[in-house]
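Scroll down for the structure; my scribbles are underneath it.
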Amino acid sequence: MLISTGFGLRSNPVLQRELMVNLRTNRAFILLAVYQILLAAVTLIAWPSDERLDLTQNPPSARRLVDLFFLGQYVIASLIAPSFAAGAISGEKERQTYEMLLASPLRPGAIVLGKLVAALTHLGLLIVASLPIIVLFLPLGGVSVYEVAAAYLGLFVSVILFGSIGIFCSSYFSRTSNSLVVSYLVILPLVIGGVLLWQTLAFDGLLRLKVVVFVVPAFAIASVILMSAATAGRMLYPPDVGSEGKDVIDLDQEAAEAVGLVIQPDQFPDRLFAPPRRDTLMEDGANPVYDKEIHGEIFSQGTLMLRLVIQISIMLAIPLMGALLFWQTQLSPWFSVYVIVFNMLVGPVFLAGTMTNERERQTLDLLLTTTLSPWKIFWGKFVVGFRVAFVLTSFLVWPMLLGVALNPDFYSNWILVAGLFAVPIMVSVVNAVVAITASLYQSRTVMSLMTTYVTLLVLYVVPPGLSVLGKTLRLSESAMQWINAFGVTSPFRALFSLPMNSAILRVDETEASFAGQPWLVLGYFLCSLVIVAIAAGMISVRLKRLGTYSE
């Protein structure tokens, strides 16, 4: 009788405990308030200023506004859902409560169901809270009640799918950071496909309604059932019980049992990011922190995350190379956007936990009592993390280099080519510095990683988002000038401000080429240097305090 309890949502102790912990925190109320304030601000700005409204018309601006509203929520859900779900099971391993949970009379299916519902309840409340806002847009026309209902159905189904992906990945990793980055990489093509599908069917409301109501839920429900069953089966016969997530995996044995890509540390290019473990004495004068991190610490939990990251990224890069660098060359900056997004997701994982891992293992005090200075400890960890992240990102640069070299259209536009490579390199540096700064000032790896992601989203994504919103709402020129000035922090704005000639645009030579915005590109690089300088100052202050503490 005890074993059967827990399947009902009302009697599921995992769900009740998770809801009490998550929904009673100050963060939950603050997030809900901020979300509502932002939606209300957009509504106030977008509301027509005319004294009289002709409700018999269906203005296209109203439809664009509603589409932007739902697409914004869809992207936000794809960002938030993994952050709530990716630590559902891996968090238990990190807190050393995983085995206690498995020893309870709850069935694995009840545990998975409770974790999934609890992780998505907060996000569901945010979506429901936006319903009164969207109702205010209905009198403006351009969209029917049925389309709004279908959009909310697709949004809820997508949230459940994203949460299931997060929990599925969480069951395979002992660190939440690894689970989070793999979840984002799996969700990324789904988000891109969903946005393209919604935009493509914008002019056929009936077809879009049918796809969202019938096709999307069928695909999502089938995927959720399969992933939940796989997660429950893994918890029924857990392969990692007894280790508490602390064991060091034998890389040779893992390579022998691996499916798909295999990491070979003794061969190029694998040794660039995963060199073999040292079997000789360390050289005199070498940095022991660097040597320990690069040869043992980075991949002590195995290379599963690394292998998945490489395979997923390359599978996406190959079709993107053909489409953007050969077929539609005017869209070539989008390939660099893909490289930047990859580095944003993967790079911080190897740097945001450099110092917080020491705090979580309670080894930071011991490390500071050695003869190594805090700066030497910092540089050893920073170089290792940046090296791994940069090499992984360079795997995606090779297809871009190949496409540029084989396509003659790029030969006459060297400024565009230089920008396509220079902007991702600068992004890699900024991401690494921001991530390790967050690691110095946070006490937990998950919080450090989320702080890094939020900072990068504000710097990179918010400026182009404001620009799109401003154009949709038809803001004044003075407001758009301020928004464009704020765009110097975003590499995406810099990429699309690079000049393009007639060969790239695939137009006749007599037609005008795109001159670009050189001031915005230059401003981005200068702004990035300022961000690095500010982060370096924060790092210096923190390391001085650590040095004083160690003395």
Side-chain angles (χ1 to χ4, degrees), residues 79 181 184-185 188 192 273 309-310 313 316-317 320-321 324-325 331-352 354 382-383 385-401 403-404 415-439 448-465 467 486-498 516-536 538-539:
L79 295 174
V181 69
Y184 278 134
L185 286 177
L188 179 61
I192 296 175
F273 59 90
V309 165
I310 295 176
S313 60
L316 292 176
L320 287 177
M321 178 185 68
L324 302 177
L325 300 181
L331 301 178
S332 54
W334 281 102
F335 194 91
S336 292
V337 170
Y338 172 65
V339 177
I340 291 173
V341 171
F342 174 83
N343 189 268
M344 285 177 59
L345 295 177
V346 177
V349 174
F350 299 101
L351 287 152
T354 51
F382 177 79
V383 173
F386 180 75
R387 170 180 169 175
V388 176
F390 188 80
V391 172
L392 293 179
T393 305
S394 66
F395 286 166
L396 302 183
V397 176
W398 282 110
M400 184 165 61
L401 183 62
V404 170
I415 297 179
L416 172 65
V417 173
L420 293 180
F421 289 94
V423 173
I425 292 175
M426 178 59 74
V427 168
S428 300
V429 176
V430 173
N431 292 352
V433 173
V434 171
I436 200 166
T437 304
S439 182
S448 174
L449 191 61
M450 295 308 301
T451 301
T452 303
Y453 283 150
V454 171
T455 303
L456 297 181
L457 286 175
V458 172
L459 292 175
Y460 297 168
V461 181
V462 170
S467 179
F486 185 51
V488 295
T489 65
S490 174
F492 304 131
R493 293 293 306 275
L495 285 173
F496 292 100
S497 298
L498 294 171
Q517 295 177 299
W519 67 269
L520 200 152
V521 178
L522 180 61
Y524 164 71
F525 285 100
L526 294 177
C527 183
S528 298
L529 294 177
V530 171
I531 294 173
V532 172
I534 294 174
M538 297 176 62
I539 292 171

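These values consider heavy atoms only, across backbone and side chains, with no hydrogens, waters or symmetry-generated copies.
A distance of 13.5 Å separates CZ in Phe350 from CZ in Phe386, rounded to the nearest 0.5 Å. Here the straight-line distance linking atom CZ of Arg493 with atom CG of Leu495 works out to 11.5 Å at 0.5 Å rounding. The distance from the CG atom of Leu345 to the CG atom of Leu449 is 9.5 Å, given to the nearest 0.5 Å. One finds the CE atom of Met321 at 11.5 Å from the CG atom of Leu396 (value rounded to the nearest 0.5 Å). Leu416 CG to Leu498 CG: the interatomic distance, rounded to the nearest 0.5 Å, is 5.5 Å. Going from atom OG1 of Thr437 over to atom CZ of Phe382 covers 8.5 Å, rounded to the nearest 0.5 Å.
Summarising the geometry of Leu316 relative to Leu320, their closest heavy-atom pair is O-CG, 3.2 Å, with the distance given to 0.1 Å. The shortest non-hydrogen separation linking Thr451 to Thr455 is O-OG1, 2.8 Å. Looking at every heavy atom in both residues, Gly487 comes nearest to Leu520 through O-CD2, 4.0 Å. Taking every heavy atom of both residues into account, Ala352 and Thr452 meet most closely at CB-OG1, 4.2 Å. When all heavy atoms are compared, the tightest approach of Leu325 to Met400 is CD1-CA, 3.6 Å. When all heavy atoms of Phe335 and Pro399 are compared, the closest pair comes out as CZ-CB, 4.0 Å.
A heavy-atom distance below 4.5 Å is not found between the side chains of Asn343 and Val339. Within the 4.5 Å cutoff, the side chain of Phe486 has heavy atoms near those of the Val462 side chain. Counting only heavy atoms from C-beta outward, the side chains of Phe525 and Met426 approach each other to under 4.5 Å. Contact check for Leu522 versus Trp519: no side-chain heavy atoms found under the 4.5 Å cut-off. The shortest distance between side-chain heavy atoms of Val391 and Ser394 falls below 4.5 Å. Residues Pro464 and Phe496 fail the side-chain proximity criterion, which asks for heavy atoms closer than 4.5 Å. Residues Tyr184 and Leu188 are not in side-chain contact: their nearest non-hydrogen atoms beyond the backbone lie 4.5 Å or more apart.
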Please report the C-alpha distance between Tyr338 and Val341 in whole Å, then the side-chain angles of each, then the deciding distance to 0.1 Å, and finally whether the side-chain contact (heavy atoms from CB on, under 4.5 Å) criterion is met.
CA-CA 5 Å; Tyr338 172 65; Val341 171; 5.6 Å; no
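A distance-only check finds a donor-acceptor pair linking the side chain of Thr393 to the backbone of Ala389 [under 3.5 Å]. Thr354 contributes no side-chain N or O that, together with a main-chain N or O of Ile436, makes up a donor-acceptor pair within less than 3.5 Å. Side chain of Ser497 to main chain of Val521: no donor-acceptor pair is present (N/O by atom type, distance under 3.5 Å, no hydrogens or angles).
Remark: Tyr460 engages Met344, Val427, Val430, Asn431, Leu456, Pro491, Phe492 in a side chain to side chain contact (heavy atoms under 4.5 Å, CB included) (not counting sequence neighbours). Taking the side chain to side chain contact (heavy atoms under 4.5 Å, CB included) definition, one finds that Val309 meets it with Leu185, Met305, Phe342, Val346, sequence neighbours left out. The ring pair (Phe, Tyr, Trp, His ring centres under 6.0 Å) search around Trp398 returns none, not counting sequence neighbours.
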